[in-house]
Amino acid sequence: MDMIVLGLGMALVFEGLVFALAPWRLEQALELIRRIPLETRRAIGLGAVALGTAIVWVARSLGG
């Protein structure tokens, strides 16, 4: 449970930095994402989930 809370907190810090330091870049990124076809966005999302799961699994295996 501690790791989940830590991960959520870190995600919020990084996401908050984008909004605080470069909000115009966020608008540009959203426009770029709108141009990507829906199925491609879905594939990217599933890939990110798989990669994130693998990273968590490796980190837990190495860290005990």
Side-chain angles (χ1 to χ4, degrees):
M1 182 68 172
D2 293 348
M3 295 298 287
I4 292 172
V5 173
L6 177 64
L8 180 59
M10 292 300 293
L12 289 172
V13 167
F14 289 121
E15 294 293 329
L17 283 173
V18 172
F19 281 101
L21 299 177
W24 67 93
R25 289 282 192 196
L26 184 61
E27 291 178 18
Q28 291 173 345
L30 289 173
E31 183 56 38
L32 178 64
I33 291 169
R34 280 188 200 100
R35 294 181 193 161
I36 299 172
L38 182 62
E39 289 303 316
T40 303
R41 285 186 267 166
R42 181 170 286 125
I44 291 169
L46 289 172
V49 168
L51 180 60
T53 301
I55 290 170
V56 169
W57 180 78
V58 168
R60 302 255 324 159
S61 296
L62 295 176

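Values reported hereafter were calculated over all heavy atoms of this structure, with side chains retained and with hydrogens, waters and symmetry mates removed.
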Please answer: with hydrophobic residues joined when any side-chain heavy atoms are less than 4.5 Å apart, are [X] and [Y] in the same cluster?
| X | Y | result |
| --- | --- | --- |
| Leu62 | Trp57 | yes |
| Phe14 | Leu8 | no |
| Ile55 | Met10 | no |

Approximate separation, where rounding is to 0.5 Å, of [X] [atom1] and [Y] [atom2]:
| X | Y | atom1 | atom2 | result |
| --- | --- | --- | --- | --- |
| Leu51 | Leu46 | CG | CG | 12.5 Å |
| Gln28 | Arg25 | CD | CZ | 5.0 Å |
| Leu26 | Ile33 | CG | CD1 | 8.0 Å |

Holding to salt bridge (Lys or Arg N to Asp or Glu O under 4.0 Å), I want the full list of residues that pass it with Arg41, two or more places apart in sequence or in another chain.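 Per chain and number, Arg41 pairs via salt bridge (Lys or Arg N to Asp or Glu O under 4.0 Å) with no residue.
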
